[in-house]
Amino acid sequence: MDLFNSALGKNITFVRPAYFIVRGFIGIPNAEYYYIFLLFVYIVSVLGNTSVMALIYLDHNLRTAKYVAVFNLAFVDLLGSTVLVPKVIDIFLFNHYNVPYNECLTFLFFCFTCLSMQALNLVVLCYDRLVAIMFPLHYQVRVTPKIMLSIILSSWLFVIAAILTLAGLLTRLSFCKSVVIDSYFCDHGPIYKLACNDNSPSLIIGNLLIVIILWIPLVIIMSSYVCIGHALVKISTPQERVKAFKTCTAHLSLVGIYFIPILITFIKVINVHPNVRIINLSLTSVIPPVLNPIVYVLQTQEIKASFRKIVQSRMQLKVTESSNVNARF
């Protein structure tokens, strides 16, 4: 990361603080109860996403391209929640407000990487639905586990490179005044605004990534559903249209859950108060990981069937073991 500093000239003295102070909510009494709520939500999300990942791993019928993407979504949700919530609890419930400089940038990197991957994963799942409805005869060729893995891996590599650049540009900033971050974690916007020197590269890359990782995926998803809607109109019977559309309801639910609160935060025409930013970003980080497993379990026939099959096999196994024990006596 020193490469970013070397471009600025040797005569500039950089002030890198030993730590940043994460402020959290401003002027809200008993704010610790909100962080306890986040902890409760985190525990539920861990249970839910771990269950979905285990279900997909154990059931060979779910080893399809679609569920490769669903597995990655559950993994990203689990990783993102685990990166964020335990550290937030440590900061605000155990009063460790001072976060070391390098640790803060690492914290920022993992949080924004997972947040960005959630958006791109929704695009991947949209591609699956688009091909399934518009080109059903070509689905098995165009959407294979190998192709899906390639798309997901490319998304990971892009996001990691982009967020590394975002974090790297912060290392060229000098913090000679305040080190208080008006957020609940090491948030990019509140950090670069604290700089004493030119922060325009961080401003530019931040706005650019908002467009690339938020607006462009949303436009792609909405455009895809326009095409899907056009294809559904051509289906002859209303029953078949409803049946085809139901395969998209889980994905549409996830899109709404993710994009609505985060776009409120990043729409530049709205002057967002730090407290509103904290609530929107925190809910965007923890609510989708809780609801995603619920949505897929309740609205996806394959997962419901797999879940029932595993539960029934477990119950039969217990009955068999109980019968064997009784037979011995």
Side-chain angles (χ1 to χ4, degrees), residues 49 52-77 116-162 212-256 258-259 288 292-293 295-310:
N49 286 290
V52 169
M53 292 169 65
L55 202 62
I56 295 172
Y57 177 78
L58 293 173
D59 191 342
H60 292 277
N61 294 324
L62 298 179
R63 304 285 179 86
T64 62
K66 174 183 176 180
Y67 290 103
V68 170
V70 173
F71 185 94
N72 185 66
L73 179 65
F75 172 74
V76 171
D77 288 344
S116 302
M117 268 306 301
Q118 286 179 332
L120 296 189
N121 216 99
L122 292 174
V123 176
V124 174
L125 287 167
C126 183
Y127 167 73
D128 171 85
R129 290 299 85 207
L130 180 69
V131 176
I133 292 177
M134 294 195 65
F135 310 101
L137 299 179
H138 300 273
Y139 180 79
Q140 298 299 331
V141 177
R142 297 188 181 185
V143 187
T144 65
K146 185 176 180 180
I147 291 174
M148 190 63 76
L149 281 171
S150 299
I151 295 173
I152 290 172
L153 180 60
S154 300
S155 300
W156 272 107
L157 292 176
F158 169 75
V159 166
I160 289 172
I212 294 174
I213 294 177
L214 287 179
W215 286 110
I216 291 180
L218 182 59
V219 170
I220 291 173
I221 292 170
M222 293 297 100
S223 301
S224 299
Y225 274 103
V226 170
C227 297
I228 289 173
H230 182 69
L232 291 176
V233 171
K234 296 180 179 180
I235 297 177
S236 57
T237 65
Q239 292 81 4
E240 290 178 346
R241 289 191 205 121
V242 172
K243 183 178 178 181
F245 181 74
K246 280 185 177 179
T247 65
C248 302
T249 54
H251 179 258
L252 279 171
S253 301
L254 303 187
V255 170
Y258 176 82
F259 277 103
N292 290 353
V295 167
Y296 266 99
V297 169
L298 293 180
Q299 298 190 18
T300 308
Q301 294 298 325
E302 297 94 336
I303 288 188
K304 285 195 291 187
S306 177
F307 181 75
R308 283 195 297 265
K309 184 173 67 175
I310 289 178

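Below, each value reflects all heavy atoms present in this structure, side chains not excepted, and no hydrogens, waters or symmetry copies. Every value quoted in this text rests on a predicted model; they were computed, and no experiment measured them.
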Peer 1: With the side chain counted from C-beta on, respond yes when H230 and M134 share a heavy-atom pair under 4.5 Å apart, and no when they do not.
Peer 2: no

Peer 1: Is the shortest side-chain heavy-atom distance between Y258 and L218 below 4.5 Å?
Peer 2: no

Peer 1: Rounded to the nearest 0.5 Å, how far does CG of L254 lie from SG of C126?
Peer 2: 11.5 Å

Peer 1: Going by heavy atoms in the side chains, are V68 and N72 under 4.5 Å from each other?
Peer 2: no

Peer 1: Taking the side chain as every heavy atom from C-beta outward, state whether V242 and K246 have any pair of such atoms under 4.5 Å apart.
Peer 2: yes

Peer 1: What I'd like to find out is whether the side chain of P217 reaches to under 4.5 Å of the side chain of L122, using heavy atoms alone.
Peer 2: no

Peer 1: How far apart are the closest heavy atoms of F259 and A119, and which atoms are they?
Peer 2: CZ-CB, 4.3 Å

Peer 1: What pair of heavy atoms forms the shortest contact from A65 to M148, and how long is it?
Peer 2: O-CG, 3.3 Å

Peer 1: Check for a donor-acceptor pair, side chain of N292 on one end and backbone N or O of P288 on the other, with a separation under 3.5 Å.
Peer 2: yes

Peer 1: Looking at CG of N121 and CH2 of W156, how far apart are the two atoms once the value is rounded to the nearest 0.5 Å?
Peer 2: 8.5 Å

Peer 1: In the structure I gave you, are the side-chain heavy atoms of V141 and F135 within less than 4.5 Å of one another anywhere?
Peer 2: no

Peer 1: Distance check, rounded to the nearest 0.5 Å: R129 atom CZ versus L125 atom CG?
Peer 2: 9.0 Å

Peer 1: Applying side-chain hydrogen bond (donor to acceptor under 3.5 Å, both in side chains) as the test, list every pair that has at least one member in residues 136-152; sequence neighbours left out.
Peer 2: D128-Y139

Peer 1: Provide the closest heavy-atom pair for P293 versus V52 in the form atom of the first, atom of the second, distance.
Peer 2: CB-CG2, 3.6 Å

Peer 1: So, applying side-chain contact (heavy atoms from CB on, under 4.5 Å) with S223, which one of V226, V219, I221 is it?
Peer 2: V219

Peer 1: Within the structure provided, determine whether V143 and I147 are in side-chain contact (heavy-atom separation under 4.5 Å).
Peer 2: no

Peer 1: Do F245 and I133 have side chains that get closer than 4.5 Å, going by heavy atoms?
Peer 2: no

Peer 1: Could you tell me the separation between the CG atom of L73 and the CG atom of N49, rounded to the nearest 0.5 Å?
Peer 2: 7.5 Å

Peer 1: I'd like to check the side-chain contact (heavy atoms from CB on, under 4.5 Å) partners of I220; sequence neighbours left out, ordered by chain and number.
Peer 2: V123, I216, S224

Peer 1: Can you tell me how far the CE atom of M222 sits from the CD1 atom of I228, to the nearest 0.5 Å?
Peer 2: 9.5 Å

Peer 1: Look up atom CG in N61 and atom OH in Y67, then write down how far apart they are to the nearest 0.5 Å.
Peer 2: 10.5 Å

